Structure formats: structure tokens, C-alpha cells
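Worksheet: one structure, shown below.
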Amino acid sequence: MEWLWDQDSLRLTLPGGDERMYTGGYNEVVAILNDLGGQGWDVASSTASANWLFWTLRRQY
């Protein structure tokens, strides 16, 4: 999941190439991560630079 925080732009790319775009800030990031957590995803790593945050998530099958 990628967040450009100063542009309120969120992108979620799922396995298989499904890509979802969202608009929002901190509250939306929390809501999306909570929803993904409810589906069995957890954050494996994260990185940040300037206005960009990126999370790699994983889910065990």
C-alpha cells in the first residue's frame, strides 16, 4: 500500500494485479489497514521518504 500524504492519494495493489485507488489521509490509511488486517493481512515492512509512505503486507494461506 502506498500513501502520498501531502496529496491525499492512496494506492493499494493486491496479488493478481488488482489495484485500488483511494483519496484520504491518516483516517483512511488506518481504516484500510484495519480492513486488510480483518482479512488476514499484516504489515511485513514499511519505508518512507519525503511525502511518501509504503507498506508491504503479507497474508498466510
Side-chain angles (χ1 to χ4, degrees):
M1 186 168 96
E2 180 178 33
W3 179 29
L4 294 171
W5 61 265
D6 64 343
Q7 297 178 23
D8 290 334
S9 174
L10 295 146
R11 180 173 60 181
L12 176 63
T13 306
L14 296 168
D18 184 19
E19 187 170 271
R20 302 175 188 170
M21 300 298 293
Y22 300 89
T23 300
Y26 179 80
N27 290 335
E28 289 74 21
V29 169
V30 171
I32 293 167
L33 288 173
N34 280 329
D35 182 53
L36 290 167
Q39 296 175 39
W41 293 93
D42 65 1
V43 174
S45 66
S46 64
T47 190
S49 178
N51 66 336
W52 176 78
L53 286 94
F54 184 87
W55 294 268
T56 300
L57 294 101
R58 64 180 169 207
R59 179 171 66 176
Q60 293 185 6
Y61 293 94

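Note that the structure is predicted; figures quoted are calculated from it, not measured.
- Rounded to the nearest 0.5 Å, atoms CE (M21) and CG (L10) are 8.0 Å apart.
- Between the CH2 atom of W41 and the OG1 atom of T56 there is a distance of 10.5 Å, given to the nearest 0.5 Å.
- Note that CG of D18 and OG1 of T13 are 8.5 Å apart. Values are rounded to the nearest 0.5 Å.
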Report, one line per pair, each donor and acceptor closer than 3.5 Å where one atom sits in a side chain of residues 24-40; sequence neighbours left out.
residue : atom : partner : partner atom : Å
E28     : OE1  : G25     : N            : 2.7
N34     : ND2  : V30     : O            : 3.2
D35     : OD2  : Q39     : NE2          : 3.0

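- Residues Q60 and R58 form no side-chain contact, since every pair of their non-hydrogen atoms from C-beta on lies 4.5 Å or further apart.
- For the atom pair R11 CZ and Y22 OH, the distance stands at 13.0 Å (nearest 0.5 Å).
- The hydrophobic cluster containing F54, built from Ile/Leu/Val/Met/Phe/Trp/Tyr side-chain heavy atoms closer than 4.5 Å, also comprises L4, W52.
- A distance of 11.5 Å separates CD in E2 from OG1 in T47, rounded to the nearest 0.5 Å.
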